[in-house]
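Okay, so here's the structure we're looking at.
All chains are named by letter (A, B, ...) in the order of the sequence lines, taking the proteins before the strands, and each is independently numbered beginning at 1.
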Amino acid sequence: MELSEDQIERYSRHILLPEVGGKGQKRLLSSRILIIGAGGLGSPAALYLAAAGVGTIGIVDMDVVDLSNLQRQIIHTTEDLDRPKVESAREKIAGLNPDVTVTTYPFALTAANAREIVAGYDVILDGTDNFPAKFLINDLAVMTRKPLVHGGILRFVGQVLTVLPGESACYRCLFREPPPAGAVPTCSEAGVLGVIAGVIGTIQATEAIKILLEKGHLLTNRLMTYDALTTTFRPVSVRRSPKCPVCGDHPTITELIDYEQPVCTTPGI
Amino acid sequence: MAVTVRIPTPLRKLTGNQSEIREEGGTIREVLKNLEVHYPGIGERLTDESGELRRFINIYVNEEDIRFQDGLDTKIKLGDEVSIIPAIAGGAE
Ligand SMILES: [Zn+2]
């Protein structure tokens, strides 16, 4: 594949970077990223990945746009109310960059359909808002050996971790199982500063691009925490645990699990 | 000996919204015990009935997970910083 003149101009600020160049840009154009959740995290991630020229973006989200989403889910607009999020996202991406093919999955990710959806993608970006989905996505990444960029936000804080299955610590090495319902506030009871989704979602998009370009040092074996109230980024070290139930030496979880936990009905923060 | 303990957002309700607390103790276990004395209710949020750290909460001494040190018996030195970090999932539906 050769870059067209328009593409050379569109991506000129990338091509100028030695770490990207024409070769890296072509690599992005032939890459496939699966974004799970077209919400707070998925919105900025999808927009920047589309602008960057990631050739195929898959988006999984079962929901329609709700008025309370618009405080942070910047890929959707007031005119999109009640429309499926995947459709709204597809339209914005098409308007931003015609080089990008969007594949939509307007349903929930489950243990039954996850492997089929993820097949063919190079990287998974977790933009979901609930623990069952996050653990399912982690296990899916480990079992299918797909790189994963995990993100989570709550109130004024965010967390990001990149997982290279088989090489670096997974989310279960860090937290072994989802908290019981009610133990950690989630969803409507806690609230979130909308812009936190932008900070964490764009870090996730950055990690995804670095994975595709094979450049720089990834956020592997380090959990980055961000506290907006103190404007502090603080990494803590994470180690691959030999006792990890999914990526350890003797895994006890060998099939995907749908946790029966009452959580937000809305995937995508 | 007093160390700085960073309190995660979900637990700040129990600490009068303080994000950092100075607490006494030579080990993490002692620090947690003193935290419970000063901020009743925080203990059960961090440890289960058998006194083990809950599985969705990690404690770090200077960015190192105590699970890879001596767990709750990990010793603390002057100037150490203790961070309590729970799993977080989402912000709002
Ligand atoms: Zn693991």
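- Within the model, atoms CZ of A:F175 and CD1 of B:I88 stand 8.5 Å from one another, a figure rounded to the nearest 0.5 Å.
- Of the possible polar contacts, none joining the B:T9 side chain to the A:R155 backbone as a donor-acceptor pair under 3.5 Å is found.
- In the displayed structure, B:Q18 atom CD is contacted under 6.0 Å by more than 12 heavy atoms of other residues, nucleotides or ligands.
- Taking non-hydrogen atoms and a 4.5 Å limit, the residue list of residues 226-235 of chain A in contact with chain B, ordered by number, reads A:D227, A:L229, A:R234, A:P235.
- Here CZ of B:R67 is found 7.0 Å from CG of A:L174. Values are rounded to the nearest 0.5 Å.
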Could you go through residues 23-32 of chain B and list every donor-acceptor pair under 3.5 Å that involves a side-chain atom there, pairing it with any protein atom two or more places apart or in another chain?
from	atom 1	to	atom 2	distance (Å)
B:E23	OE1	B:H38	ND1	3.0
B:E23	OE2	B:H38	ND1	3.0
B:E24	OE1	B:M1	N	2.9
B:T27	OG1	B:R29	N	3.4
B:T27	OG1	B:E30	N	3.2
B:R29	NE	B:D73	OD1	3.0
B:R29	NH2	B:D73	OD1	3.3
B:R29	NH2	B:D73	OD2	3.4
B:E30	OE1	B:G26	N	2.7

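- Between A:Y171 and B:A87, the closest heavy-atom pair is OH-CB, 3.5 Å.
- Considering only heavy atoms from C-beta on, A:R176 stays 4.5 Å or farther from B:R54 through its side chain.
- Taking 4.5 Å as the limit, some side-chain heavy atom of A:T225 sits within range of a side-chain heavy atom of B:I85.
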Show which side-chain atoms of residues 238-250 of chain A pair as donor or acceptor with protein atoms under 3.5 Å away, not counting sequence neighbours.
from	atom 1	to	atom 2	distance (Å)
A:R239	NH2	B:E64	OE1	3.1
A:R240	NH1	A:G166	O	3.0
A:R240	NH2	A:C247	O	3.1
A:S241	OG	A:K243	N	3.1
A:S241	OG	A:C244	N	3.3

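- Residues A:V157 and B:P8 are not in side-chain contact: their nearest non-hydrogen atoms beyond the backbone lie 4.5 Å or more apart.
- Taking A:E177 as the reference, B:R55 meet the salt bridge (charged side-chain N to carboxylate O under 4.0 Å, His left out) condition, with sequence neighbours excluded.
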